[in-house]
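Residue numbers count from 1 along this sequence. Just so you know, ligand 1 is whichever comes first in the structure, and atom 1 is the first atom listed for that ligand. The shown structure was predicted, so the numbers you read here are calculated from the model rather than taken from an experiment.
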Amino acid sequence: MEEKDEIRIIHVKETDSTNEEVFRLKDKVKIPFFVRADVQVKGRGRYGRVWVSQEGGLWMTGLFEKKGEYDGIKFMFGSALVVYKILLHMGINARIKFPNDVYYKDKKLCGILVEERENLIAVGIGLNVNQKEPPIPSSTTLHLITGKTYDLEFLAYNIGKGLMEIERKSIGEVVREYRENLSTIGKTVKIFTPSGAIEGTFEDLDMDLNVILRGDVIYVIPAFEVLHLEEYER
Ligand code: BTN
């Protein structure tokens, strides 16, 4: 196996948040590496929300060096793509909801929290897998969809491998493939930005990382200004 394909995954039983754990380990483990936890007692979601992280789910974070200006957004889109493609390969027809949620029909299966500190990027992935109850009412789990039980180690390895491949790709390659698989295109949405909320049809994500929204006029919204997006049609 070539050095570039080596995947270091540290498995812990319990931690506060794997996104915190990777930063604590940054000087002890060769970057890139991953931490997976059976349970997170302070799992974090986007916008400061709590991420319910009981046993049965896949809670993991990869720590990468920031090498290019757009690496944060590359991992943001790329990680959703990785999870989506792995699920598709397993026969689960999930969908990517902008910017980086993975849904099954109208229920959330996976959330992603990308955080940058200094020159490092933490890519935190929370995938609901073997839980027998939805962690929150608007969510679901792979077990609830298929009735099967999944090997978390195998899933973690494949996600890790996928993220290492994203690291090697250009932002252009990632955005092109992400956009081709983005289920939000064509949907009626409400987009929340620092300067207010806008409603319209999500027409596209262009190669300059702008969301093209058709409302009363055509809006061009930089993707990184989208704080939150609600979909009205499924
Ligand atoms: C969201 O949709 O709000 C993002 C959820 C991200 C959850 C994952 S679980 C692994 C990593 N550790 C955390 O505390 N959060 C992320």
Legend entry - Expected output: side-chain Arg95 to main-chain Lys105 donor-acceptor under 3.5 Å: yes
Inset, instruction - Determine, considering heavy atoms only, which of Thr18, Val50, Val22 sits nearest to atom 10 (C) of ligand 1. - result: Thr18
Legend entry - Nearest-neighbour protein heavy atom for atom 1 (C) of ligand 1, which is reported as residue plus atom name and distance: Arg46 N, 3.5 Å
Inset, instruction - Give the ring-plane orientation class for Phe98 versus Phe77, where under 30° counts as parallel, over 60° as perpendicular and anything between as tilted. - result: tilted
Legend entry - Residue pair Asp101, Lys108: steps toward the salt bridge (charged side-chain N to carboxylate O under 4.0 Å, His left out) verdict: CA-CA 7 Å; Asp101 288 333; Lys108 184 156 160 169; 3.0 Å; yes
Inset, instruction - Would you check if the side chain of Asp204 reaches a backbone N or O of Asp206 as a donor-acceptor pair within less than 3.5 Å? - result: no
Legend entry - atom 8 (C) of ligand 1 [closest protein heavy-atom partner, distance rounded to 0.1 Å]: Gly126 N, 3.6 Å
Inset, instruction - Report the part of Met60 (side chain from C-beta onward, or backbone N, CA, C, O) that has a heavy atom under 4.0 Å from ligand 1; answer both or neither where that applies. - result: backbone
Inset, instruction - Check Thr61 against ligand 1 and report side chain, backbone, both or neither, counting heavy atoms closer than 4.0 Å. - result: side chain
Legend entry - Closest protein heavy atom to atom 15 (N) of ligand 1, given as residue, atom name and distance to 0.1 Å: Arg44 O, 2.7 Å
Inset, instruction - Would you mind running through ligand 1 and noting each atom that sits below 4.0 Å from a heavy atom of Ile125? - result: 8 (C), 9 (S), 10 (C)
Legend entry - Gly43 neighbourhood, listing ligand 1 atoms whose heavy-atom distance to it stays under 4.0 Å: 14 (O)
Inset, instruction - Anything under 30° is parallel, anything over 60° is perpendicular, the rest tilted; go ahead and classify His228 against Phe192. - result: tilted
Legend entry - atom 2 (O) of ligand 1 - nearest protein heavy atom and its distance: Lys108 NZ, 2.6 Å
Inset, instruction - Go through ligand 1 atom by atom and flag the ones less than 4.0 Å from a non-hydrogen atom of Gly45. - result: 1 (C), 3 (O), 4 (C), 5 (C)
Inset, instruction - Answer yes if the side chains of Asn130 and Thr149 hold a donor-acceptor pair under 3.5 Å, and no otherwise. - result: no
Inset, instruction - List every atom of ligand 1 that sits less than 4.0 Å from any heavy atom of Asn19, numbering the atoms from 1 in the order shown and giving each element. - result: 11 (C), 12 (N), 16 (C)
Legend entry - Residue-ligand contact Glu20/ligand 1, heavy atom below 4.0 Å: no
Inset, instruction - Mark up the atoms of ligand 1 that fall under 4.0 Å of a heavy atom belonging to Arg49, in ascending order. - result: 3 (O)
Inset, instruction - Please check if any side-chain donor atom of Glu231 sits under 3.5 Å from a side-chain acceptor atom of Thr184, or the reverse. - result: yes
Legend entry - Heavy-atom side-chain proximity of Glu6 to Lys30 below 4.5 angstrom: no
Inset, instruction - Identify, for atom 5 (C) of ligand 1, the protein heavy atom at the shortest distance, and state residue, atom and that distance. - result: Trp51 CE3, 3.4 Å
Inset, instruction - Answer whether the closest heavy-atom distance between the side chains of Pro134 and Lys107 falls below 4.5 Å. - result: no
Legend entry - Asp101, portion touching ligand 1 at heavy-atom distance under 4.0 Å: side chain
Inset, instruction - Can you establish whether the number of heavy atoms outside Gln54 located under 6.0 Å from its atom CD is more than 12? - result: no
Inset, instruction - May I ask whether Ser53 places a heavy atom under 4.0 Å from ligand 1? - result: no
Inset, instruction - Among all protein heavy atoms, pick out the one at the shortest distance from atom 12 (N) of ligand 1; state its residue, atom name and that distance to 0.1 Å. - result: Gln40 OE1, 2.8 Å
Legend entry - Between Thr18 and Gln40: side-chain donor-acceptor atoms closer than 3.5 Å: yes
